[in-house]
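Here's the structure we're looking at; comments come further down.
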Amino acid sequence: MSGPSLAELRAAGQPQTVIDRLNDEHWAGRLYMRKLSPAATWVFARLGWSPNAVTWAFIACGIAAGVVIALGGLASAIGGALLIQAYLLLDCADGELARWSKRTSAAGIYLDGIGHYLGESALLVGLGWRAQGQLTGSGPYISAGLAAALLAMLVKAETDNVVVARAKAGLPGGHDDLALDPRGGGLALARRLASLLRVHRITQAEELTLLILLAAIADQVRGGLTATRVLLLGCLAVSALMVVAHLVAIVASRRLS
């Protein structure tokens, strides 16, 4: 079956503007996944998959990772981490395929956003069940996982609503890097410190699955679920803090002007 070469896919699917995105390109993408993804994109192009079909596969991997994580044990932590690696690979490949085939669309962008919402919330919900220690219908750690997922999604909604608010105000839908800086000097310093510490990344899929794996190893060695439960409560605390801090940063920044 005819199709593009890897060189053609890299040229069209990975323009420098994509690699250089400060806020939209994950560090793992820059470090290694963008080196691997053209091969996957080449396969999808040869198979005749649409970009949205790849996005649906990416969504399925994210949800599946949450389900696997909920099962408990070291093997499920490894399986969840591997599923999130596939999730990240497919997340790179759908955009590359869309850019190469010139089939970018609002529907594809929407599905991609939904995929991140579902994948990251599924992991936090799964972590709650994992910390509970049994697949029951209720429990304090299950409630904590649900709360952490809700708060983490609210942080994402705060960011996405910047684009909505700017569009409704007749401003460009996106925002440049300058718009990320708060107007006040104190808030700007606090934002730079928070950006350096990267504490918000604890609830993001790539980092969270690695932390779950480390917690699973610790629990395997020590017995019990202490490390997993501490991780869950840390995710809940960070999510709650980020909801408030992120909202204050947005309102005090140049984003809405």
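FYI, the numbering just counts along the sequence from 1.
- Both Leu82 and Ile217 sit in one connected hydrophobic cluster of ILVMFWY residues. Membership requires side-chain heavy atoms under 4.5 Å apart, directly or through other members.
- Its side chain within the 4.5 Å cluster rule, Leu146 clusters with Leu71, Val125, Trp129, Leu135, Ile142 among the Ile, Leu, Val, Met, Phe, Trp and Tyr residues.
- The side-chain hydrogen bond (donor to acceptor under 3.5 Å, both in side chains) search around Ser37 returns Gln14, Glu96, not counting sequence neighbours.
- Contact annotation: the side chain of Thr203 never approaches that of Val155 to less than 4.5 Å [non-hydrogen atoms, C-beta and beyond].
- Applying the side chain to side chain donor-acceptor pair (under 3.5 Å) rule to pairs touching residues 229-240 yields nothing, sequence neighbours excluded.
- Each salt bridge (charged side-chain N to carboxylate O under 4.0 Å, His left out) pair with one or both residues in residues 232-247, not counting sequence neighbours, would appear here, but there are none.
- Among residues at least two apart or in separate chains, side chain to side chain donor-acceptor pair (under 3.5 Å) pairs with a member in residues 70-93 are Tyr32-Gln85, Ser76-Arg130, Gln85-Glu206, Tyr87-His116, Asp91-His116.
- Between the OG1 atom in Thr104 and the CD1 atom in Ile109 there is a gap of 7.0 Å [rounded to 0.5 Å].
- A salt bridge (charged side-chain N to carboxylate O under 4.0 Å, His left out) check over residues 215-226, counting only residues at least two apart or in different chains, returns nothing.
- In the hydrophobic cluster analysis, where Ile, Leu, Val, Met, Phe, Trp and Tyr join through side-chain heavy atoms closer than 4.5 angstrom, Leu208 is grouped together with Leu236.
- Grouping the Ile, Leu, Val, Met, Phe, Trp and Tyr side chains by contacts below 4.5 angstrom, directly or via other members, places Leu118 with Leu111.
- Listed by chain and residue number, Thr209 satisfy the side-chain contact (heavy atoms from CB on, under 4.5 Å) test with Ala81 (two or more places apart in sequence, or in another chain).
- For the pair Leu151/Met242, no side-chain contact is recorded, criterion being any heavy-atom separation below 4.5 Å from C-beta on.
- Hydrophobic clustering, with ILVMFWY side chains joined whenever heavy atoms are under 4.5 angstrom apart, keeps Leu123 apart from Val230.
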Please list every donor-acceptor pair under 3.5 Å in which a side-chain atom of residues 47-61 meets a protein atom from a residue at least two apart or in another chain.
unit_1, atom_1, unit_2, atom_2, d
Ser50, OG, Ala53, N, 3.1
Thr55, OG1, Pro51, O, 3.1
Thr55, OG1, Asp94, OD2, 2.7

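- Applying the salt bridge (charged side-chain N to carboxylate O under 4.0 Å, His left out) test to pairs two or more places apart or on separate chains, none has a residue in residues 64-82.
- The two residues Leu232 and Ala131 make their nearest non-hydrogen contact at CD2-CB, 3.7 Å.
- Distance CG/Leu90 to CG/Leu97: 11.0 Å, rounded to 0.5 Å.
- With sequence neighbours left out, the side-chain hydrogen bond (donor to acceptor under 3.5 Å, both in side chains) criterion links Gln132 to no other residue.
- The two residues Val68 and Gly80 have their closest heavy-atom pair at CG1-N, 3.9 Å.
- For Leu233, there are no side-chain contact (heavy atoms from CB on, under 4.5 Å) partners, not counting sequence neighbours.
- Legend: residues meeting side-chain hydrogen bond (donor to acceptor under 3.5 Å, both in side chains) with Tyr117, ordered by chain and number and at least two apart, are Asp160.
- When all heavy atoms are compared, the tightest approach of Ala216 to Ala77 is CB-CB, 3.7 Å.
- Under the side-chain contact (heavy atoms from CB on, under 4.5 Å) test applied with Thr228, the options Leu214, Ile212, Leu127, Leu211 reduce to a single match, Leu127.
- The line from CD1 of Ile202 to CG of Leu210 is 12.0 Å long, rounded to the nearest 0.5 Å.
- Both Val238 and Tyr141 are assigned to one and the same hydrophobic cluster, defined by single-linkage of ILVMFWY side chains at heavy-atom distances under 4.5 Å.
- From Leu225, atom CG reaches atom CG of Leu231 across 11.5 Å, with rounding to the nearest 0.5 Å.
- Annotation: the span from Leu213 atom CG to Gln220 atom CD amounts to 11.0 Å, rounded to 0.5 Å.
- Atom-to-atom distance recorded for Met33:CE and Leu89:CG is 5.0 Å, nearest 0.5 angstrom.
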